[in-house]
Amino acid sequence: MKLFNSLSMKKEEFEPLEAGKVKMYACGPTVYNLIHVGNARPIIVFDALRRYMEYRGYDVTFVQNFTDVDDKIISRANQEGATSAEIAEKYIAEYQTDAEGLGVRPATIHPKATENIGPIIEIIKTLIDKGLAYASNGDVYFSTSSFDGYGKLSHQSTEDMLAGARVAVGDIKRSPVDFALWKASKPGEPKWDSPWGEGRPGWHIECSAMSSRYLGKTIDIHCGGKDLTFPHHENEIAQSEGASGEPFVRYWLHNGFISIDNRKMSKSLGNFFTVRDAAEAYGYENIRMFMLMSHYRSPLNYSCEILQQAQSALDRIKTARSNLKFIADNGDGDAIKDSERAFVDGLPSYRARYIQALDDDFNTADAISVIFELVRDGNAMTAAAKKPSKALASAILSMLEELADVLGLFYADDDASGDSLADEVEGLIEARQAARKAKDFAEADRIRDQLKDMGIVLEDTPQGVKWKKA
RNA sequence: GGCGACAUAGCCAAGUGGUAAGGCAAGGCUCUGCAAAAGCCUCAUUCCCCAGUUCAAAUCUGGGUGUCGCCUCCA
């Protein structure tokens, strides 16, 4: 499999440090409000990547942290008259609601910054001992000029950063490019004891600490949004490699942004839609479909129209699945017919092309087009077969479900057969069939309308009457 | 100012040297008692513009134009 590595700016063949195992770290949310659609992109895309790697036989350990101590959480807490811990707890729960809705599986481990203060302090001590960090006024800063590779991920030299720096030089930091590892706490803020006085960790250091604690000094994949490249990920490299003396990450993966009217969706611009609101309007699974329909590194514009397109597209696949299920239950005979043989034998070629697409820098857009081809060809085959066998439909269905499950496209099961209305619906369908047989179409249509009012839609198929909720 | 992306149909979106995937929308047809679902057909002589390299370019090179992002919290 090839992956585009932000460090080398090239597609590279993926080889994990340890054969058969993948260690993956994603920077998780700072929990001070609901996540927006832009935040959802890495969450969905890298969940799908994790599923794919497991599908390909890797044993994946996936760590995603919660940043639960931070300026924004503190200010939110002050606004709401709550503690930071209460705010963090509330929005972790909200995050989990959205993640689950989006079909995102929980990470192997979800560590919290506040549960890792000890390891954080240890790394900071090591960095000071090595001359890469300095304490100043109760704060501790990383000395970027002391670390050789600083800038290698964002491909910028420290001189260029200094030239463009918009941060004023203060008395406390030796260089404007230096960043905080530890911040002295102000009155009323969450605080922990440390060799430098009471304080709290800076944002960047927590990821270095948690990554090495749960995954080791060198990990395979570190992923996140493109905007984290600098300074966050650059700083993580400086901290982790500075402390351990070993390479930190083998493959850096960064997703492109979601924009609105060609502007990046962001909290600071205020032009965002929360996942919660978008899901209410269009459904969680269509948001997932929308994200996976294009390549993860491409910029992606968000609009109502595009979400509706994603919904129509996903509906096509879901309808095909439901039609295949119906034939698999009601088809003509259990055995594959001679006329169906060649098609069934050809099914693995869809899987092969699907894998080929995903092996090329996780090209989900191309992969999904293979699903659509399977849908189209499968539909055509069952239609052309006149009396398709149960076995034909099952074979197509199982390939379709296998491929869709790799990316987690089918997680909301809308099978209505177990519904409490089922008996009543079946009775009405029988009555309508009797009327149709008697050519009493007025009565048949009346019953169909009655069912429609109940939210039930009928389809007359060669295999019998199929019904679903509208 | 430094660094980096992107530009393909009405909309979305693959495609990095061999003659434009796929989805949505639209129109026509077939099937159907009528629907629904499905299938078939139509829908970019052309990939922002201009040069160049090549037997061959959406793809490579050079130059433009436009849009966006990072350099400050940000997925």
Side-chain angles (χ1 to χ4, degrees), chain A residues 6 9 11 26-30 35-46 70-72 151 154-157 159-168 176-177 203 223-232 234 254-259 262-269 272 289-290 293-295 297-301 303 305-317 319-320 322-323 326 353 357 360 363-373 375-384 436 439-442 444-445 448-449 452 457-462 465-468:
Chain A
S6 304
M9 307 280 283
K11 282 187 199 174
C27 298
T30 300
I35 60 167
H36 63 66
V37 172
N39 301 332
R41 188 172 195 187
I43 295 166
I44 291 167
V45 157
F46 297 120
D70 173 87
D71 290 343
K72 288 180 175 166
S154 50
H155 308 285
Q156 294 235 76
S157 66
E159 295 83 73
D160 291 340
M161 291 177 201
L162 285 168
R166 292 179 226 167
V167 184
V177 191
W203 176 39
C223 46
K226 216 173 185 170
D227 48 358
L228 293 186
T229 307
F230 191 90
H232 187 56
E234 192 70 64
H254 291 104
N255 63 275
F257 298 125
I258 304 286
S259 59
N262 229 7
R263 306 293 304 186
K264 177 188 172 190
M265 184 187 291
S266 74
K267 286 172 186 165
S268 35
L269 288 174
F272 62 86
M289 182 71 177
F290 158 66
M293 270 168 43
S294 61
H295 187 96
R297 286 192 287 116
S298 306
L300 196 46
N301 203 50
S303 66
E305 191 189 6
I306 192 67
L307 271 193
Q308 272 153 2
Q309 289 184 10
Q311 174 162 20
S312 300
L314 184 58
D315 279 348
R316 177 169 163 86
I317 302 175
T319 301
S322 128
N323 288 346
F326 193 74
R353 285 193 294 137
D360 184 13
N363 193 333
T364 54
D366 229 6
I368 286 176
S369 79
V370 175
I371 293 184
F372 280 110
E373 284 171 30
V375 165
R376 188 230 298 137
D377 297 346
N379 283 339
M381 184 62 207
T382 51
R436 290 178 72 204
K439 306 265 187 215
D440 185 356
F441 296 120
D445 289 349
R448 185 165 62 193
D449 287 344
K452 196 176 172 189
V457 177
L458 300 187
E459 287 174 32
D460 298 326
T461 80
V465 182
K466 183 169 174 289
W467 65 276
K468 64 175 182 188

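To find a chain, count down the sequence lines: A is the first, B the second, and so on, and within it residues start at 1. What's counted below: heavy atoms across the whole structure, side chains too, no hydrogens, waters or symmetry copies.
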### Message
Is it the case that B:rA5 (base atoms only) and A:Arg297 (side chain only) share a donor and an acceptor within less than 3.5 Å, ignoring hydrogens and angles?
### Response
no
### Query
Side chains of A:Ile306 and A:Leu300: closer than 4.5 Å at any heavy-atom pair?
no
## Note on the structure
Here the pair of heavy atoms bringing A:Ala310 nearest to A:Met289 is O-CG, 3.8 Å
### Query
Which nucleotide, B:rA36, B:rG2, B:rA14, lies nearest any side-chain atom of A:Gln156?
B:rG2
#### Entry: Electrostatic pair A:Lys452:A:Asp449 at N-O distance under 4.0 angstrom
no
### Message
Need one value for A:Glu373: base, sugar-phosphate or nothing, where a base atom within 4.0 Å counts as base even if backbone is also close, heavy atoms only.
### Response
sugar-phosphate
### Query
For RNA chain B, what string of dots and brackets results from 5' to 3' when Watson-Crick and G-U pairs need both distances under 3.5 Å, crossing pairs get [ ], and pairs with another strand get |?
(((((((..(((.....[...))).(((((.......))))).....(((((..]....))))))))))))....
### Query
Which of the following nucleotides, B:rG22, B:rG4, B:rC24, is nearest to the side chain of A:Met9?
B:rG4
### Query
Would you say A:Glu373 and A:Arg353 make side-chain contact, with heavy atoms under 4.5 Å?
yes
### Message
Given the structure, check if the side chain of A:Asp315 and the base of B:rC24 hold any donor-acceptor pair shorter than 3.5 Å.
### Response
no
### Query
C1' atom, B:rG27 versus B:rA58: distance in rounded Å?
29 Å
## Note on the structure
Shortest non-hydrogen pair, A:Val465 vs A:Asp460, comes out as CG2-OD1, 3.7 Å
### Atom C1', compared across B:rA14 and B:rU30: separation rounded to whole Å
31 Å
### Query
Is there a donor on the side chain of A:Asp227 or the base of B:rG69 sitting less than 3.5 Å from an acceptor on the other?
no
### Query
Does A:Gln309 make a side-chain donor-acceptor contact with the base of B:rC11, cut-off 3.5 Å?
yes
### Query
Using centres under 5.5 Å plus planes under 30 degrees as the test, is A:Phe441 stacked with B:rG33?
yes
### Message
Taking only the C1' atom of each, what is the distance from B:rG52 to B:rC6 in whole angstrom?
### Response
23 Å
### Query
Can you name the salt bridge (charged side-chain N to carboxylate O under 4.0 Å, His left out) partners of A:Asp360, sequence neighbours left out?
A:Lys11
### A:Lys226 (side chain) and B:rC70 (base): donor-acceptor pair under 3.5 Å
no
### Message
Counting only side-chain heavy atoms from C-beta out, which of B:rG23, B:rC68, B:rA75 sits nearest to A:Asn262?
### Response
B:rC68
### Task
Take atom C1' in B:rA25 and the same atom in B:rA9, then report the distance between them in whole Å.
12 Å
